[in-house]
Every structure is written in C-alpha cells, then in structure tokens.
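Computation of the quantities below employed the complete heavy-atom set of this structure, encompassing side-chain atoms and omitting hydrogens, waters and symmetry-equivalent molecules.
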Amino acid sequence: MKNIIEDYNQWLIEQDYNAMGNGVFYGRMGLCIYWFQQFLLYSNCKYKIVANKLLEEVVSNIGFYSTVGFENGIIGILNTVNDLVEKNCILTNEKSFFRPLEDKIFQYMSSCLFEIGMDRKEDLADLIWACRYFCFRINSGKLSLENEIIMKRLIMASINKVEEKLRNPNLIIEQQKQFLPFSNILSNLVVLIEDMYKLNMFTYKLNMLCREMATLCKLYLPSQGLNHSLLLSNIASLVKTNPKLKKCFSKNFIPTLPICDLSVFSECKGLTLYLRDGLSGLLYNLRRTDVDEKMMLFFSNKIRETVADKKTSWKNPTNFILGNSMTGVFYTYQKLFAYEENRY
C-alpha cells in the first residue's frame, strides 16, 4: 500500500489547487491536513512546504468565511487546525486566528438558539459539532474565563434545543435513509455527551438526555445497518466512560459481539470508498477497537481493486478533495494503521 500512496502523492502534488474553496471536505484545509500527515509519515520536506502554503491561503481568507458547518465551514477548519497544533505541526496566534472564527460561531449559535430557530437537520448537526469543538477548547485550558463561560452557556442551551428536537421521531427516521457519518445527529450527539461527561459538565441534564435518547433509539432505529453500527460503537465508548449509563440503554444497544458483523460487511459492499459518505467515513468514525482484522483486510482489498480497475479514474484531476476522492481514502487508511502499512 505504501507504494500506491507514494505514487498518488507524486500525482497529487502536481495538481492545481487555485480553484478550491477553504473547507475540510471540499477545499484547502482538507488537503492541508493530508499533506501534513504525509510529512509526518514520510519526512518529505516537499509535503510540508505544500501543507504550509495551503494553510497560509486558508488563514489569509479568514475574514471571508461565512459557512459554519464541519464539512465545508468554520467548525471543520477550527477542528483541524487544533489537531495540527496538538501534533506540533503548526503554531497559531490565539487572538488573530481562533477568536475571529469563534466569534462567528457564537453569532451563528445565538441566532439558531434564540432568534431564527432551527428548522433544518443540518443546523442541528452543525450545532452539535460546534459544542464538540467548544468541549475541546474548554479541555485545552487556554480560554479566557469570559470565553469559557460563553461556551458553557451555549452548550447548555444547545443541549436543551437538541432534546426538544429529538422528540420528533421523523428526525431520527430521516437520518437513517442515507449514510453520512460526519453529519449523523445521534452518533455525534453520543460523542458530545461523552466529551461533556469527561469535563463533568451538566451531568444531571446529560443523565436525563441519555434516558430519553435510549428510548427513542429503541423505538425508531433499525436493529442493524451502518448507522446502527456507528451508534453502537459510540454508545459502547460512552458507557465505558460512565458505567452508570449501562442501565439507560437496552441490551440491544450494549454490544457484546464485534460491531462489524456480517450484516455490516454486506452493506459495505454497496458503499463508495470515500470519507464523506462511504467506507472510509465508517472506519474513520468507528472506535479503533471496533475495526477488526476482517474489516481492515476488506478495506485494503477494496482500495487495491479500485486502483487496479481500468474503468475507474482513481487519479481524477477534477476531483481530489478530501471528502469525495482517494485523498480521503488514503488519509483514513493511514490514520487507522500508519505504522502497519505493509500488513494488509
């Protein structure tokens, strides 16, 4: 697999990035984190130069961002920049980079929560991602007291809004019609709840929300499938963080067998390979302990089949974004076993 990725990198580095946007799945930020990952793995300075150039372009456009969401907006950019800071890939100025973008998130959330409301499920998904980002920032210990208070208040208001919206079963049913792991409301909500428990934040409210969510899941979720497997994986992690929650979830939502059972393999055969809506997205979002040997071998073979298929263009000069191309596939593969590349 290493030779395949290096061949792809040689092709990708020669592509024109000028027409791209700035988001994670559809723009420069996604390619930026891809190239930083290649530099960390292969120590090729060319990769770092490209990554830094892309980051400079993202930063230079900071005043023009208006989209808030994870896939192509501010929340995704902030999450990935934080990840790069944690890995010591970059240094950022707290005031000039984070504050202007966080102010835009504050404005968006205040508008959704207290003014215009939230009629779209996309707004609810973005709200949960914003709260996940706030939890990360609170845990970092780098916030001013004022900003920490603002973030906690917005998180609490968001949890109340999410609880209100979850009472509409159509929201849950609608979510199961397609597999979009990064915008799945229930799965991301479980991750957010776990983050909040770790911070010991509003635990009484979370206990109530978990009980209500467990009931809704039992009533309206299918007993198998990709969305179900992803939810199971996150619930298992949540219960490990807070064992008292085991009483909330029925036995159907406390997995005792491997998450990736035969039904999941069957559904994976019809998936794309891509990060936004395919097999890479599933594996990226599953807990690492739930991705077993069979699933890794299945993933590796699917990549090799795609590369070997003369009818498909795995090097597409019009599409090399992180979300819907082989760029995200290789990024996920390396994330899962960066130091075991020759194993599968």
Side-chain angles (χ1 to χ4, degrees), residues 20-34 36-37 54-55 58-59 61-62 64-86 97-98 100-113 118 120-140 151 154-155 158-159 161-162 165 171 175 178-196 227 230-231 233-234 274-278 280-286 321-325 327-328 331-332 335:
M20 302 185 77
N22 294 294
V24 175
F25 275 7
Y26 300 99
R28 294 183 181 90
M29 197 68 233
L31 285 174
C32 173
I33 58 173
Y34 177 82
F36 269 120
Q37 180 164 285
L54 287 164
L55 183 63
V58 170
V59 173
N61 291 315
I62 201 169
F64 302 103
Y65 297 149
S66 57
T67 305
V68 174
F70 174 81
E71 293 188 2
N72 201 36
I74 294 170
I75 296 169
I77 291 171
L78 286 171
N79 271 284
T80 48
V81 167
N82 268 309
D83 189 44
L84 293 174
V85 171
E86 288 288 302
F97 184 81
F98 287 102
L101 295 182
E102 286 176 355
D103 284 345
K104 290 187 177 183
I105 297 178
F106 292 160
Q107 292 166 12
Y108 166 79
M109 293 180 75
S110 296
S111 176
C112 283
L113 292 167
M118 290 190 306
R120 302 183 314 138
K121 61 180 183 294
E122 290 81 7
D123 288 329
L124 195 59
D126 289 345
L127 197 66
I128 292 170
W129 267 110
C131 291
R132 287 182 61 181
Y133 170 74
F134 287 170
C135 286
F136 179 89
R137 290 284 281 149
I138 291 168
N139 190 51
S140 73
M151 287 184 181
L154 286 172
I155 289 172
S158 298
I159 289 295
K161 179 64 71 172
V162 168
K165 293 294 182 180
L171 181 68
Q175 279 265 297
Q178 55 186 156
F179 182 66
L180 296 169
F182 289 88
S183 57
N184 186 287
I185 292 170
L186 281 178
S187 291
N188 277 315
L189 177 59
V190 172
V191 178
L192 170 61
I193 290 171
E194 182 177 359
D195 290 343
M196 292 175 67
N227 287 310
L230 184 56
L231 184 63
S233 182
N234 289 336
Y274 301 142
L275 187 59
R276 180 178 180 268
D277 61 355
S280 295
L282 173 67
L283 296 180
Y284 188 95
N285 283 280
L286 283 174
I321 56 177
L322 192 73
N324 288 328
S325 78
T327 307
Y331 178 78
T332 304
K335 276 277 190 182

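We find the CG-CG distance between Leu282 and Asp277 to be 11.5 Å, quoted to the nearest 0.5 Å. In this structure, Asn285 CG and Leu275 CG are separated by 8.0 Å, a value rounded to the nearest 0.5 Å. Put simply, CE on Met20 and CG on Leu54 are 8.0 Å apart, with the number rounded to the nearest 0.5 Å. To the nearest 0.5 angstrom, Ile74 atom CD1 is 13.5 Å from Met29 atom CE. The structure places CZ of Arg137 at 8.0 Å from CG of Leu78, a figure rounded to the nearest 0.5 Å. Here the straight-line distance linking atom CD1 of Ile159 with atom CD1 of Ile193 works out to 6.0 Å at 0.5 Å rounding.
Asp83 and Lys335 make their closest contact through OD2-NZ, 4.0 Å (heavy atoms, listed as atom of the first residue, atom of the second, distance). Between Asn188 and Pro181, the shortest heavy-atom contact is ND2-O, 3.8 Å. When all heavy atoms of Ala125 and Ser183 are compared, the closest pair comes out as CB-O, 3.8 Å. Between Asn61 and Asn22, the shortest heavy-atom distance links the atoms ND2-OD1, 3.4 Å. When all heavy atoms are compared, the tightest approach of Ile155 to Ile138 is CD1-CD1, 4.1 Å. For the pair Ala130 and Ile105, the tightest heavy-atom approach, listed with the atom from each and the gap, is CB-CG2, 4.0 Å.
Partners of Thr332 under the side-chain hydrogen bond (donor to acceptor under 3.5 Å, both in side chains) rule, at least two apart in sequence or in another chain, do not exist in this structure. Residues satisfying the ring pair (Phe, Tyr, Trp, His ring centres under 6.0 Å) criterion with Phe25, sequence neighbours excluded, are Phe70, Phe182. For Arg276, the salt bridge (Lys or Arg N to Asp or Glu O under 4.0 Å) criterion is met by Glu71, not counting sequence neighbours.
Partner of Cys131 under the side-chain contact (heavy atoms from CB on, under 4.5 Å) criterion, out of Asp126, Leu154, Leu192: Leu192 alone.
Side-chain atoms of Ser111 never come within 3.5 Å of backbone atoms of Gln107 as a donor-acceptor pair (strictly under, hydrogens ignored). A donor-acceptor contact shorter than 3.5 Å is absent between the side chain of Ser325 and the backbone of Leu322. With hydrogens and angles ignored, the 3.5 Å screen pairs no side-chain donor or acceptor of Asp195 with any backbone N or O of Arg132. Judged by distance alone, the side chain of Asn139 and the main-chain N or O of Cys135 form no donor-acceptor pair under 3.5 Å.
Checked against the 6.0 Å centroid threshold, Phe36 and Tyr331 do not count as a close aromatic pair.
Annotation: side chain of Leu113 is in contact with side chain of Ser158 (closest heavy-atom distance under 4.5 Å).
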